Amino acid sequence: MRISVKKDVLLKALQKVCNIIGSRTTLPILANVLVETGEDGKLTFTTTDLELRISTRIEADVQEAGATTIPAKRFLGLVSKFKNDDVVIETNENHHSRITCGTAEFMLLGLDPRDFPAPVAFEPQRKLKLKQADFSRIIDRISYAASFDDARKFLHGILLSVKEGNLTAVATDGKRLALVEKLLDEAPEGSDGDIIITIKAAAEAKRMMEKEGEILIEIGSNQVIFRIGDTVITSKLIEGAYPQYRQVIPTAFSKQVELPCRAFVDALEIVSIPLFDSSAYVKLTFSANQLKFEANSINIGEGHETIPVEYGFEDVSVSFNPQFLADPFKRLDVEKVTLKMNDAMSPIAIKSDDGFLYVIMPMRKN
C-alpha cells in the first residue's frame, strides 16, 4: 500500500478514531488502527475495543491499494507533530509502515490486518434521524445522571425511547433522573421501541457531532449504529429492561417557583466552597420572595447567600447534594427553569420549557 494524504485531514481522522483505545488492551491488535483503501479512492480508518467500533473515511491519493494496521497512539502522536502538509504512507509485506512528512521519516511496525476484528453482521430494524446539534444537546443534558458503579448494568446507559414520533432520552442512577423529550422532525422508520445505549457510545457520538448536519441512528437487535457524516460508530446495546422511570415523577406538586439559572448556579457554587466531603449538603430555604443557600463544614467554616425569587408559599427548607443539584444547571442553555415541590422529603422536579426534566431526591438533613 502506498498513499499520500493531507496532514490536517489525516490528523482529524486519527483524532476521531483513537479516543477509544485504552492504555492496556486485551489483544495487541486492539492497540492498532486498521487502515484500508477503498474502491472509491477514499481511505478508511477503524479502531475497536470490542464493545465499540469507530470508522471514518477521508480523501487520499491512493497510488497502491491495500490494508494494514498501525499502532494508533504512536501514529497519532507523530502526525500531530508533523510540520509539512503532505504525509506519505508506504507499507511493506510485513505490514510495517514507512511514514514520511517533509524531512521527517519514521517506520512503525504493524500487525496483519486479517487479525483485526471483523464487524459483526448488522440488520437495522429501526432508523431515526436528528440534527446533530439536537442530539448532542440531549446527551449533554442527561448523561451525567447515569450510574457508573451500580451493579445494575442497565443504569450504566441512556434509554432512548421512540413512541409515536417522539424521542424520550433518560438517564438515572436511582437517586436522580434526567429526561429530555423531543418531537422528531422526521418520522422514524420501523416500529416504536426502547434501547439502552452505553455512556461511552453516547460520549463518542457527541464528540463527533458538529453544529450543522444530521445524525442517522440505526437500531438492530443488539447493536446500534450512529452515522455522522463520513464517520460510523457501532456499539453493543445494554441488555435488560429499563426502570419504569415515569413512576418516580410525581404527578402533582403543591408549590413551584421560577429560578434564574445563572444566579442560581453562582449562589450554589459560592456556598459550596467550604464543602469538601461526600456527605456534604447545601440547604435551600424558600421564603417570601427569597431563596437562601446555606452550607457549613466542621473543618472549614460556614456561609450563606441569597437570591430574589417570586415565591408566595409557606417557608420550606430542603437539603441537597450540591453536585447533584448543580449538574443540570451547568448544562442548560436557558435563562430560567421551574422548580416544583411538595415538601422537604419528597422528590423535586426541575423543568425547562424545551423538554428537559430533572427529578432529584432531597437529602434527609435540614
Side-chain angles (χ1 to χ4, degrees), residues 1-21 29-48 52-122 124 127 129 132 204-205 207-210 212-218 225-235:
M1 183 177 73
R2 178 183 168 87
I3 56 173
S4 177
V5 61
K6 295 297 182 184
K7 179 250 184 176
D8 289 344
V9 176
L10 176 59
L11 178 60
K12 188 174 182 180
L14 290 174
Q15 287 172 333
K16 285 183 177 181
V17 302
C18 288
N19 198 57
I20 63 171
I21 296 178
I29 196 73
L30 299 182
N32 284 19
V33 55
L34 175 65
V35 184
E36 302 172 288
T37 60
E39 295 180 359
D40 57 359
K42 287 192 173 184
L43 197 60
T44 301
F45 297 86
T46 303
T47 57
T48 182
L52 204 60
R53 186 182 183 94
I54 303 178
S55 294
T56 194
R57 297 162 71 240
I58 61 172
E59 298 287 347
D61 177 13
V62 179
Q63 297 149 24
E64 184 181 333
T68 191
T69 72
I70 303 174
K73 292 295 181 71
R74 302 296 182 188
F75 192 15
L76 173 60
L78 285 178
V79 175
S80 68
K81 297 298 182 183
F82 284 157
K83 302 298 182 185
N84 290 66
D85 193 34
D86 293 311
V87 179
V88 177
I89 304 170
E90 299 175 87
T91 302
N92 62 26
E93 64 277 7
N94 295 320
H95 311 296
H96 300 163
S97 295
R98 187 179 303 278
I99 302 166
T100 308
C101 184
T103 57
E105 182 178 305
F106 295 87
M107 177 71 79
L108 291 182
L109 310 185
L111 296 171
D112 192 331
R114 290 173 294 185
D115 294 334
F116 196 86
V120 177
F122 179 81
K127 297 180 181 180
K129 189 180 291 184
Q132 291 183 33
E204 287 301 311
R207 195 172 63 85
M208 304 292 177
M209 287 184 280
E210 308 283 351
E212 303 294 333
E214 293 180 321
I215 176 173
L216 175 64
I217 304 175
E218 299 180 353
I225 288 181
F226 302 97
R227 299 189 185 275
I228 308 166
D230 283 327
T231 300
V232 178
I233 302 172
T234 305
S235 173

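What you are looking at is a predicted structure, and each value in this text was computed from that prediction instead of being measured.
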Are [X] and [Y] side-chain neighbours, meaning at least one heavy-atom pair lies under 4.5 Å?
X      : Y      : value
Ile99  : Leu108 : yes
Leu109 : Met107 : yes
His95  : Thr69  : no
Ile58  : Phe45  : yes
Ser80  : Leu11  : yes
Phe226 : Glu218 : no
Phe116 : Thr48  : yes
Ile215 : Met209 : yes

Can you list the residues that meet the side-chain hydrogen bond (donor to acceptor under 3.5 Å, both in side chains) rule with [X], with sequence neighbours excluded?
X      : result
Thr68  : none
Asn92  : none
Gln63  : Arg2, Asp61
Gln132 : none

What residues, two or more places apart in sequence or in another chain, satisfy salt bridge (Lys or Arg N to Asp or Glu O under 4.0 Å) together with [X]?
X      : answer
Lys127 : none
Asp115 : none
Asp8   : none
Lys42  : Glu59, Asp230

Can you pull the side chain to side chain donor-acceptor pair (under 3.5 Å) pairs that have at least one residue in residues 98-113, sequence neighbours excluded? Arg98-Glu105, Asp112-Arg114
So Val33 and Thr46, side-chain contact (heavy atoms from CB on, under 4.5 Å) or not? Walk me through it. CA-CA 6 Å; Val33 55; Thr46 303; 5.8 Å; no
State, to 0.1 Å, how close [X] and [Y] come at their nearest heavy-atom pair, and which atoms those are.
X      : Y     : answer
Gly66  : Thr37 : N-OG1, 2.9 Å
Gly110 : Pro71 : CA-CD, 4.4 Å
Val62  : Gly41 : CG2-O, 3.6 Å

side-chain contact (heavy atoms from CB on, under 4.5 Å) evaluation trace for Phe106 with Phe82: CA-CA 11 Å; Phe106 295 87; Phe82 284 157; 4.0 Å; yes
Do Thr91 and Ser97 have side-chain atoms, one donor and one acceptor, less than 3.5 Å apart? yes
So OG of Ser55 and CG of Leu34: to nearest 0.5 Å the spacing works out to 7.5 Å
If you measure from CD on Glu90 to CD on Glu64, what distance do you get to the nearest 0.5 Å? 9.0 Å
Tell me the salt bridge (charged side-chain N to carboxylate O under 4.0 Å, His left out) pairs involving residues 69-80, sequence neighbours left out? none
Contacts of Thr234 that satisfy side chain to side chain contact (heavy atoms under 4.5 Å, CB included) - sequence neighbours left out: Arg53, Gln223, Ile225, Val232
Side chain to side chain contact (heavy atoms under 4.5 Å, CB included) with Lys16: which residues, sequence neighbours excluded? Lys12, Thr56, Met208, Thr231
Stepwise, does the side-chain contact (heavy atoms from CB on, under 4.5 Å) test hold for Met1 with Ile3? CA-CA 7 Å; Met1 183 177 73; Ile3 56 173; 4.2 Å; yes
side-chain contact (heavy atoms from CB on, under 4.5 Å) for Ile21 and Thr47? Distances and angles first, verdict last. CA-CA 7 Å; Ile21 296 178; Thr47 57; 3.8 Å; yes
Looking at Lys7 and Asp86, is any side-chain nitrogen of the basic one under 4.0 Å from a carboxylate oxygen of the acidic one? no
